[in-house]
K.L.:
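Pasting a structure below so you can have a look.
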Amino acid sequence: MIFAKVVGTVVSTQKDVNLNGKKLLLCKEVDHEGNPLGSYHIAVDAVQAGEGSLVLISYGSSARMTSATKNAPIDAVIMAIIDDVQITHKVKG
Amino acid sequence: MIFAKVVGTVVSTQKDVNLNGKKLLLCKEVDHEGNPLGSYHIAVDAVQAGEGSLVLISYGSSARMTSATKNAPIDAVIMAIIDDVQITHKVKG
Amino acid sequence: MIFAKVVGTVVSTQKDVNLNGKKLLLCKEVDHEGNPLGSYHIAVDAVQAGEGSLVLISYGSSARMTSATKNAPIDAVIMAIIDDVQITHKVKG
Amino acid sequence: MIFAKVVGTVVSTQKDVNLNGKKLLLCKEVDHEGNPLGSYHIAVDAVQAGEGSLVLISYGSSARMTSATKNAPIDAVIMAIIDDVQITHKVKG
Amino acid sequence: MIFAKVVGTVVSTQKDVNLNGKKLLLCKEVDHEGNPLGSYHIAVDAVQAGEGSLVLISYGSSARMTSATKNAPIDAVIMAIIDDVQITHKVKG
């Protein structure tokens, strides 16, 4: 999974039938402190994430394991909204 | 999923039987504003995407979840044509 | 699989129902000697890994093959705690 | 899928039983014009690709969707031989 | 699949039950001539690969397609030992 912030929406009329009713969100990958990383990701929302939310995105076949995304031809799902990230250890520190 | 623009077609006669009748399209990855990114992608069309269309491509096992691609040995499918991308938030802005 | 060190926890209340009761851990990828590599990873814990542990993370559909992660929309699982790494050969040495 | 050129063969005697009778080919990734890109790929041949052929390689679970590769522990398959690539559009042109 | 050389072993006591009895090997990716490439990989051995062997590693769900790895939460398997790599063509040569 990666951290991302929801920054917009993607609108599509002509699409596979299994995408009907699904919300496509534009997300910007961020690090554990919310700082932007390089790339944009398009993911289907399974947790009613508001725009601006800090979320977790899961990829691959696992993206089809929510009730909102079952059998859909999508490879990325927002499956959690992040409340907090607590860092307790350092590597080689 | 990634954004891409359809830029051409790939022609193949000698191919796996499950590819018969499928349209192989050459796509250029673009960002959310339509600016070209580095790489080309070959994907099967599941939504009658015209050449020049801005589309979404889904990867992996999810690429086989459309009626056009079921059981086919392909790892990328065009499953939506993009009408609009609306950006509503900024990261750290 | 990759080596990683558990460095923190991720807290989420609003999430897919299949994530209930699962521990989301923040992990830093490390090399075979424990030196940090570039990226952070979020993974579900399947082996009661303590924070600070050196662990193995498995990705993709394989992340759903533990009893703790079956059917969950997650793409990374901690499935082993590392006791030791023994290097016995060198490449071109 | 990616474009590749078949450049050699890989010989293995001691291998998983599901690899018996399968042809392992060494492939060099190329772009849509046949120019070499960085990396080599090892893929199983499902379409009787001759050495020197320009081919398509499919990855992941999709690599097991041909009759030649069903249930085999392989993650890359040659599933089409390319006759032609026709570019009809430019991005931002 | 990628080429790799087996360079060591990974020892784990506390692990998912489906890993019991499986040999975790530390592998260094190499090119088709045996020259080391950047990264280390941890893979389960399905072909009794000795340390120092030149092997093929398969990734993703395909890593679970050997009798040694069925249903295990692992994403990389050694499924062949390489005897020889024969290069017969050059790209753009």
Side-chain angles (χ1 to χ4, degrees), chain A residues 1-6 22-23 27 29-39 41 43-50 52-72 74-93, chain C residues 2-31 33-45 49-55 57-66 69-78:
Chain A
M1 286 78 79
I2 64 161
F3 294 121
K5 187 174 177 182
V6 180
K22 297 192 183 1
K23 194 161 55 166
C27 302
E29 186 175 357
V30 296
D31 67 15
H32 60 290
E33 294 176 325
N35 301 305
L37 297 175
S39 47
H41 297 254
V44 171
D45 179 25
V47 290
Q48 306 202 11
S53 300
L54 181 66
V55 299
L56 275 185
I57 298 179
S58 188
Y59 288 90
S61 59
S62 298
R64 302 194 307 268
M65 301 303 286
T66 74
S67 55
T69 55
K70 196 177 172 185
N71 295 328
I74 60 104
D75 59 14
V77 70
I78 298 172
M79 33 49 103
I81 297 175
I82 304 302
D83 298 327
D84 194 15
V85 178
Q86 297 167 340
I87 299 196
T88 54
H89 281 71
K90 288 195 175 176
V91 175
K92 294 274 172 177
Chain C
I2 63 161
F3 293 122
K5 187 174 178 183
V6 180
V7 295
T9 57
V10 178
V11 182
S12 170
T13 308
Q14 191 173 336
K15 57 191 170 187
D16 182 80
V17 63
N18 283 320
L19 287 172
N20 287 342
K22 298 192 182 359
K23 194 161 55 166
L24 290 164
L25 295 179
L26 183 68
C27 302
K28 178 78 171 174
E29 186 175 357
V30 296
D31 67 14
E33 294 175 326
N35 301 305
L37 297 176
S39 48
Y40 281 90
H41 297 255
I42 303 109
V44 171
D45 179 25
E51 292 174 38
S53 300
L54 182 66
V55 299
I57 298 179
S58 189
Y59 289 90
S61 59
S62 298
R64 301 194 307 269
M65 302 303 286
T66 74
T69 55
K70 195 176 172 186
N71 295 329
I74 61 105
D75 60 14
V77 70
I78 298 173

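Throughout, a chain's letter reflects where its sequence line sits, starting with A, and its residues are numbered from 1.
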K.L.:
Whether the side chain of A:Ser62 engages the backbone of C:Pro73 through a donor-acceptor N/O pair (distance < 3.5 Å, no angle test) should be reported.
P.N.:
no
K.L.:
For the candidates A:His89, A:Gln48, A:Gln86, A:Met79, which exhibits the highest count of non-hydrogen atom pairs separated by less than 4.5 Å from chain C?
P.N.:
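Looking at each of A:His89, A:Gln48, A:Gln86, A:Met79 in turn, A:His89 comes out on top.
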K.L.:
Given a strict heavy-atom distance threshold of 4.5 Å, which part of C:Ala63 is in contact with chain A: side chain, backbone, both, or neither?
P.N.:
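No part of it gets close to chain A.
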K.L.:
Would you find a donor on one side and an acceptor on the other, under 3.5 Å apart, between the side chain of C:Lys5 and the backbone of A:Lys90?
P.N.:
yes
K.L.:
Apply side-chain contact (heavy atoms from CB on, under 4.5 Å) to A:Met1 and C:Asp75, showing your working.
P.N.:
CA-CA 6 Å; A:Met1 286 78 79; C:Asp75 60 14; 3.0 Å; yes
K.L.:
With a 4.5 angstrom heavy-atom cut-off, which part of C:Val6 approaches chain A: side chain, backbone, both or neither?
P.N.:
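For C:Val6, backbone heavy atoms alone lie under 4.5 Å from chain A.
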K.L.:
Measure the spacing between OG of A:Ser58 and CD1 of C:Ile42 and express it to the nearest 0.5 Å.
P.N.:
10.0 Å
K.L.:
Enter the distance from C:Gln14:CD to A:Ile82:CD1 here, rounded to the nearest 0.5 Å.
P.N.:
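Reported to 0.5 Å precision, the distance equals 11.0 Å.
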K.L.:
Please classify the contact between C:Asn71 and chain A as side chain, backbone, both or neither, with a heavy-atom cut-off of under 4.5 Å.
P.N.:
both
K.L.:
Mind checking side chain to side chain contact (heavy atoms under 4.5 Å, CB included) for C:Glu29 and listing every partner two or more places apart, or none if nothing turns up?
P.N.:
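Partners of C:Glu29 under the side chain to side chain contact (heavy atoms under 4.5 Å, CB included) test: C:Ile2, C:Leu37, C:Ser39, C:His41.
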K.L.:
Just so I know, are the side chains of A:Leu56 and C:Leu24 near enough to count as touching, which here means a heavy-atom distance under 4.5 Å?
P.N.:
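Result yes, sub-4.5 Å side-chain heavy-atom pair found.
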K.L.:
When only pairs under 4.5 Å are counted, which of A:Thr66, A:Val85, A:Thr69, A:Ile57 shares the most heavy-atom pairs with chain C?
P.N.:
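Going by pairs under 4.5 Å, I would pick A:Thr66.
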K.L.:
Below 4.5 Å from any heavy atom of chain A, which atoms of C:Val30 appear? Answer side chain, backbone, both or neither.
P.N.:
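The answer is the side chain of C:Val30.
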K.L.:
Can you tell me if A:Asp83 and C:Thr13 form a side-chain donor-acceptor pair at under 3.5 Å?
P.N.:
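Side-chain D/A pair, A:Asp83 to C:Thr13: present.
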K.L.:
Of the non-hydrogen atoms in C:Arg64 and A:Ser61, which two are nearest, and what is the gap between them?
P.N.:
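Nearest heavy atoms, C:Arg64 then A:Ser61: NH1-OG, 3.0 Å.
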K.L.:
Report yes or no: does A:Asp84 contribute a side-chain atom to a donor-acceptor pair with the main-chain N or O of C:Val11 at less than 3.5 Å?
P.N.:
no
K.L.:
Who wins among C:Ile74, C:Val10, C:Asn18 for the most heavy-atom pairs under 4.5 Å with chain A?
P.N.:
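If we count pairs closer than 4.5 Å to chain A, C:Ile74 comes out on top.
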K.L.:
For chain A, which of C:Val7, C:Asp16, C:Val17, C:Val44 has the most heavy-atom pairs under 4.5 Å?
P.N.:
C:Val7
K.L.:
Working to the nearest 0.5 angstrom, can you tell me the gap between C:Leu26 CG and A:Phe3 CZ?
P.N.:
5.0 Å
K.L.:
Can you list the residues that meet the side chain to side chain donor-acceptor pair (under 3.5 Å) rule with C:Ser12, with sequence neighbours excluded?
P.N.:
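Expected list: none.
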K.L.:
To the closest 0.5 Å, what do you measure between CD1 (A:Ile87) and CD (C:Glu51)?
P.N.:
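Here the interatomic distance stands at 10.5 Å.
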